[in-house]
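Inspection log for the structure reproduced underneath, given as structure tokens.
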Number of protein chains: 4
Amino acid sequence: MTVNQTSVSLDDAQRVIAAGQAKATEIESPSNIAVVDAGGNLVAHVRMDGAWIASIDISINKAFTARALDVSTEDLAANAGPGEQFYGIHASNAGRIMIFTGGVPLRHNGQVVGAVGVSGGTGEQDKTVAEAAVAAL
Amino acid sequence: MTVNQTSVSLDDAQRVIAAGQAKATEIESPSNIAVVDAGGNLVAHVRMDGAWIASIDISINKAFTARALDVSTEDLAANAGPGEQFYGIHASNAGRIMIFTGGVPLRHNGQVVGAVGVSGGTGEQDKTVAEAAVAAL
Amino acid sequence: MTVNQTSVSLDDAQRVIAAGQAKATEIESPSNIAVVDAGGNLVAHVRMDGAWIASIDISINKAFTARALDVSTEDLAANAGPGEQFYGIHASNAGRIMIFTGGVPLRHNGQVVGAVGVSGGTGEQDKTVAEAAVAAL
Amino acid sequence: MTVNQTSVSLDDAQRVIAAGQAKATEIESPSNIAVVDAGGNLVAHVRMDGAWIASIDISINKAFTARALDVSTEDLAANAGPGEQFYGIHASNAGRIMIFTGGVPLRHNGQVVGAVGVSGGTGEQDKTVAEAAVAAL
């Protein structure tokens with residue numbers, strides 16, 4: 001009766017992070033990059049030299065959010081602003097829900113197996129880095 | 001001089017949750033469903049297979065909110081957005097106040113005896129599940 | 001390269017909780033009983049009528065602890081007192097580590113697939129309930 | 001009048017972590033390993049496959065503690081038990097002070113430039129991994 005859940009390994013997480021890091025270097029956006037597993041728990045994190053301190057927490061929680069709701073934080077953002085159906089969700093989960101761009105689910109055979117979170121630049125930069133990261137899974 | 005408080009029992013809570021669960025299955029919206037008692041304290045919770053992890057906290061706190069303010073979180077939402085009279089209330093109570101649809105008070109003989117909170121889908125889906133749950137009290 | 005993780009389903013969790021509940025009724029120790037999955041996230045919880053309010057949090061966190069460290073909280077307790085090697089661990093994880101009896105890992109084919117947490121009576125009573133719960137997996 | 005602070009880079013942190021990881025593999029103690037910089041802020045973290053979920057927080061906070069007090073958590077432990085001069089310190093810093101073995105300052109030319117935190121096994125195992133990690137700076 002138990003459930004089978006596929007999840008990222010540390011090797012997966014480090015490969016994903018390395019790809020994000022390469023892209024962040026290329027676009028000159030020093031970033032924090034984090035990967036969580038299928039349970040929403042941190043697998044690996046890096047803060048590139050010069051990246052913001054506040055982005056440690058933000059990157060980890062963008063990854064948490066993307067797995068905890070199986071959605072990119074960019075798509076969540078569209079539903080989480082004033083007047084939208086999920087407005088106020090950022091106050092839940094003890095402040096761990098991030099409602100701006102940079103968190104993206106990691107999928108394997110159609111199943112969410114974890115997520116990546118990037119924080120370090122503009123929304124556009126974080127998205128670019130996250131997409132490069134995800135592509136390396 | 002003492003106060004008599006009627007409150008849901010565990011049997012009530014489980015009946016309410018089972019009804020919500022049946023509706024959630026019917027509309028294909030895997031949900032977290034929680035019931036709190038008259039004291040706002042959790043009586044029972046279920047996370048259906050495949051339901052979001054973030055919704056554990058959200059369902060419990062939608063139920064808390066609906067009892068703690070004796071209002072549906074949908075009605076609260078109408079008063080909690082920017083410019084409204086309760087704007088900012090989601091930051092109170094250590095982040096336990098949820099201001100979007102899915103939390104509904106449970107009433108018995110006109111008295112609030114607890115509340116149900118549902119989180120798992122769109123606002124519309126959560127409302128549908130919560131209403132089916134409440135009807136089973 | 002991904003990892004396969006078996007985890008309890010909601011059906012599993014409810015069967016485990018029902019068995020614990022039956023034992024708690026038998027020994028007259030109204031309890032909170034919680035089950036978490038392989039990711040440490042709550043799957044289901046019940047508070048029996050008359051059970052302590054503080055035990056909501058304690059039962060959930062005993063279950064979390066038993067999965068988060070793959071150990072019974074009773075065995076952890078033996079290493080977490082003054083002078084022991086893990087003394088102070090109760091301050092970690094934002095206060096979610098419970099270091100007294102009542103949290104037990106759920107195993108399937110030798111793998112930890114979740115955990116149960118019981119709080120409601122003496123350590124001995126909680127242990128008795130937890131063992132009955134675990135046996136039902 | 002300004003202060004110059006030498007601190008670990010991400011390269012340093014990853015080299016330190018890799019050395020710890022190799023030792024953890026050798027002694028078969030799957031670990032969480034974290035490195036913080038001179039500011040006490042996380043630079044990098046890995047959770048090896050099979051390592052405890054609770055140890056994510058513990059490893060990061062052992063590293064924080066070792067830098068925040070410029071002491072190994074093993075030495076701190078000797079002063080933080082009941083009756084000792086720093087008893088109760090584990091309740092400070094919002095629960096971030098870890099008072100058991102596994103956190104060690106990273107020094108360069110006699111100055112603390114960060115710290116490593118290891119959590120995953122017994123105190124003895126965590127210490128062995130941390131010492132291997134520190135030696136790689």
Side-chain angles (χ1 to χ4, degrees), chain A residues 1-8 35-43 57 60-73 75-99 103-107 109-115 117, chain B residues 29-32 34 47-66 69 71-84 86-103 117-128:
Chain A
M1 307 263 275
T2 50
V3 171
N4 276 306
Q5 172 69 59
T6 305
S7 183
V8 291
V35 170
V36 299
D37 66 12
N41 299 304
L42 189 64
V43 180
D57 175 273
I60 293 172
N61 285 332
K62 280 183 180 175
F64 170 75
T65 300
R67 169 49 183 151
L69 294 164
D70 290 347
V71 72
S72 74
T73 56
D75 287 348
L76 177 61
N79 286 285
E84 303 300 335
Q85 64 175 331
F86 295 145
Y87 178 60
I89 199 169
H90 60 285
S92 76
N93 285 270
R96 299 197 63 194
I97 301 296
M98 294 291 106
I99 54 171
V104 182
L106 292 164
R107 293 175 200 276
N109 294 336
Q111 192 184 18
V112 177
V113 297
Chain B
S29 180
S31 301
N32 280 263
R47 173 160 52 104
M48 295 169 66
D49 296 344
W52 296 324
I53 296 169
S55 291
I56 300 167
D57 175 274
I58 296 171
S59 64
I60 294 171
N61 286 331
K62 280 183 180 174
F64 169 76
T65 301
L69 294 165
V71 72
S72 74
T73 57
E74 184 180 27
D75 287 349
L76 177 60
N79 286 285
E84 304 299 335
F86 295 144
Y87 178 60
I89 198 168
H90 60 285
S92 74
N93 285 270
R96 298 197 63 195
I97 301 295
M98 294 293 105
I99 56 170
F100 51 108
T101 300
V118 176
S119 180
T122 62
E124 199 54 41
Q125 288 171 314
D126 290 352
K127 182 180 175 177
T128 300

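Basis for what follows: all heavy atoms, side chains included, without hydrogens, waters or symmetry-related copies. In the text below, chain A, chain B and the rest are named by the order of the sequence lines, each starting its count at 1. Everything numeric here is computed off the predicted structure, so don't read it as measured data.
- In this structure, chain A has heavy atoms under 4.5 Å from both the backbone and the side chain of Thr122(B).
- Taking CD1 from Ile99(B) and CD1 from Ile89(A), the interatomic distance works out to 11.0 Å, rounded to the nearest 0.5 Å.
- Proximity to chain A (any heavy atom under 4.5 Å) is restricted, for Ala80(B), to the backbone atoms N, CA, C and O.
- Proximity to chain B involves both the backbone and the side chain of Leu69(A), based on heavy atoms less than 4.5 angstrom apart.
- With a 4.5 angstrom heavy-atom cutoff, Ala38(A) touches chain B only via backbone atoms.
- Residues Phe100(B) and Gln85(A) come closest through the heavy atom pair CB-O, 3.2 Å.
- Screening residues 91-102 of chain B for side chain to side chain donor-acceptor pair (under 3.5 Å), with sequence neighbours left out, gives Asn61(B)-Arg96(B).
- Interface check for chain A: of the options Gly102(B), Gly123(B), Pro82(B), the most heavy-atom pairs under 4.5 Å are formed by Pro82(B).
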